[in-house]
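In what follows, every heavy atom counts, from backbone to side chain, and hydrogens, waters and symmetry copies are set aside.
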Amino acid sequence: MANAARATTGMLPRLMVRAEDIALPRRLAAFGFLLVFDFFYGWAWNTVDLLRPDIRASLGLTLGQVSLMYTAQSAGALIGAVVIGQLADKLGRRNMLFAIMVGYSVVLAAGALVTDLTGLLADRFALGLCLGGVFPVAVGIYTALFDKRLCGRLAGFYNGTFNGSIVAIGFVVASFGTDWRTLLWGGAVVPLLAAPLAFLLIPDDRRTIPHGITAAPPPPRRFPASELFSPELRGRTLRVGLMVGLNFFGYQAFLGWQTTYLQETLGLASGVAKGLLAWQFGATIAGGFLWGWVADRFGRRVNALGFALLVGMIVVYLALGHGVGTLRLMGVGVGLLLPASVIWGPWFAELFPAHLRSTATSIFNWGRIISLSAPPITAAVAGAYGLQAAMALGAVSFGAAALVWRALPETLQRD
């Protein structure tokens, strides 16, 4: 394959192959593996929110203490994104994919053994270190293998597996009432066993020229992140980081407390509450496909409309959502609008030079610098004014993120 590629171009470096020359079934198999990878990433990550009330009750923690789970996990994800994103661009994304799968499987399983707040926070920090590298590595792989005019729809599938994991957890709890420790073990076994398949199914990105590029990208600097703060890229980098940070703050303010709100404020049983979330995140899967298509058809900046509409939907949810039927309907509305950001991975890869794909996409987790303040702020507001007031901060944050979104450049010009 590489010989054929060199013969047709006469210019490609030795042992390099263009993504276009890799057989489509091979590229689809690689993407399929990434979907499995993302499903269990979503399972691991979302236990911080979905299992929060159960972990709190089991370990005897206060609202303020259990909110630190998210802070610890996000702090780890921030560091992991910075480190792993750069290592992926330097050492190979496929290699880091394997390391991440093994890492988060082991740490997630270890979380079932914690017995106090200190152990819980240490485990969540370590889990975040591993999970912080998932997004930049996976997006860096599939955006290099496929035409960017398809990447919005691919991102919709990728987003679907993440949210599918939430639906799966909700279904298991609603149907079987499974203990939270069992759910941690359940999310760890499959990715640990599947990790070696990465070397069989994923093409070696160190020997692949990304799709749509005619020559191999230059190697990144010793510290690739430093290029993001060069004079020509600094402003763009900071705006992207601010937008992502506002998104994460909004997500944690509204969705992070949603299980607690449903169970403790509205008095719903655990199974009923998680069943409602399963409906919501089922709609999020459909919304990912919708917004992925919109971004491929009309451009990356158009999706900011989804966040603008989400502001109103959150207000309606908190004002009118009391009965189970109403909560389900409002939750579906939130679920359809929330994944407007599904295009961010491919868009970030397009906003920056090709040799910085994983480092640039790691900005997705850099935004957690802002969101680290969400748990203590929302916990304080909840204590003083109630969870509804704390969750309403999510609407403010999503609205601000939409404004920053519109200020960034378009990367896909379509008729």
Side-chain angles (χ1 to χ4, degrees), residues 32-59 61 66 69-70 72-73 76-77 80 97-116 119-135 138 157-198 255-256 258-260 262-263 269-282 284-285:
F33 184 81
L34 292 177
L35 295 184
V36 175
F37 172 58
D38 190 60
F39 177 89
F40 287 100
Y41 156 63
W43 186 293
W45 183 272
N46 287 297
T47 55
V48 75
D49 292 328
L50 290 178
L51 303 184
R52 184 182 297 180
D54 308 279
I55 294 173
R56 178 192 173 201
S58 177
L59 301 184
L61 304 176
V66 78
M69 283 176 60
Y70 179 84
Q73 185 168 301
L97 179 71
F98 170 79
I100 291 169
M101 290 186 78
V102 172
Y104 77 62
S105 298
V106 172
V107 178
L108 185 66
L113 305 178
V114 302
T115 58
D116 56 23
L120 176 66
L121 297 184
D123 182 78
R124 285 289 155 175
F125 179 79
L127 185 62
L129 283 174
C130 299
L131 297 180
V134 169
F135 189 75
F157 280 98
Y158 186 78
N159 178 77
T161 58
F162 178 88
N163 291 298
S165 67
I166 303 175
V167 176
I169 293 175
F171 173 78
V172 170
V173 173
S175 301
F176 306 106
T178 307
D179 179 73
W180 64 270
R181 292 183 174 87
T182 304
L183 290 170
L184 297 186
W185 278 101
V189 174
V190 174
L192 182 62
L193 296 176
L197 293 177
L255 284 96
Q258 200 172 5
T259 310
T260 304
L262 293 172
Q263 292 182 210
S270 175
V272 174
K274 292 181 176 64
L276 288 172
L277 293 180
W279 274 89
Q280 178 174 307
F281 283 97
T284 303
I285 296 173

Identify all side-chain donor-acceptor contacts of residues 119-128 below 3.5 Å with residues at least two apart in sequence or on another chain.
from : atom 1 : to   : atom 2 : distance (Å)
D123 : OD1    : G111 : N      : 3.3
R124 : NH1    : T47  : OG1    : 3.0
R124 : NH1    : Q73  : OE1    : 2.8
R124 : NH2    : T47  : OG1    : 3.1

Across all chains, not counting sequence neighbours, the side chain to side chain donor-acceptor pair (under 3.5 Å) partners of T161 are D38
**Request:** Run the numbers on V48 and I55 for side-chain contact (heavy atoms from CB on, under 4.5 Å), then give the verdict.
**Result:** CA-CA 9 Å; V48 75; I55 294 173; over 6 Å; no
Just distance, no hydrogens or angles: give the donor-acceptor pairs under 3.5 Å from side chains in residues 190-198, sequence neighbours left out.
none

Heavy atoms of V114 and R181 approach each other most closely as O-NH2, 3.8 Å
What one should report as the nearest heavy-atom pair of R56 and V66 is CB-CG2, 3.9 Å
| request: Could you check if a side-chain atom of T182 sits within less than 4.5 angstrom of a side-chain atom of V172, using non-hydrogen atoms only? | output: no
One should read off an interatomic distance between L35 CG and F157 CZ, to the nearest 0.5 angstrom, of 8.5 Å
Separation between CZ (R52) and CG (L61), nearest 0.5 Å, reads 11.5 Å
Residue set satisfying side chain to side chain donor-acceptor pair (under 3.5 Å) with D54, at least two apart, ordered chain then number -> K274
Taken in chain and number order and not counting sequence neighbours, the residues that satisfy side chain to side chain donor-acceptor pair (under 3.5 Å) with W180 are S58
So CG of L277 and CG of N46: to nearest 0.5 Å the spacing works out to 10.0 Å
Closest non-hydrogen atoms of V107 and C130, given as atom of the first, atom of the second and distance, are CG2-SG, 4.4 Å
- Item | Other residues, nucleotides, ligands: >12 heavy atoms within 6.0 Å of F33 CZ | yes
Between F37 and A138 the two heavy atoms that sit nearest each other are CE2-CB, 4.1 Å
- Assign the ring pair Y70 / W45 to parallel, tilted or perpendicular, where the plane angle (0 to 90°) is split at 30° and 60°. perpendicular
OG1 (T115) and CG (L59) are apart, to the nearest 0.5 Å, by 7.5 Å
Residues A188 and L108: closest non-hydrogen pair is N-CD2, 4.0 Å
When rounded to the nearest 0.5 Å, the distance separating OH of Y104 from CH2 of W43 is 12.0 Å
Scanning both residues in full, the closest heavy-atom pair of W185 with A112 reads NE1-CB, 3.3 Å
Residue set satisfying side chain to side chain donor-acceptor pair (under 3.5 Å) with Q280, at least two apart, ordered chain then number -> Q258
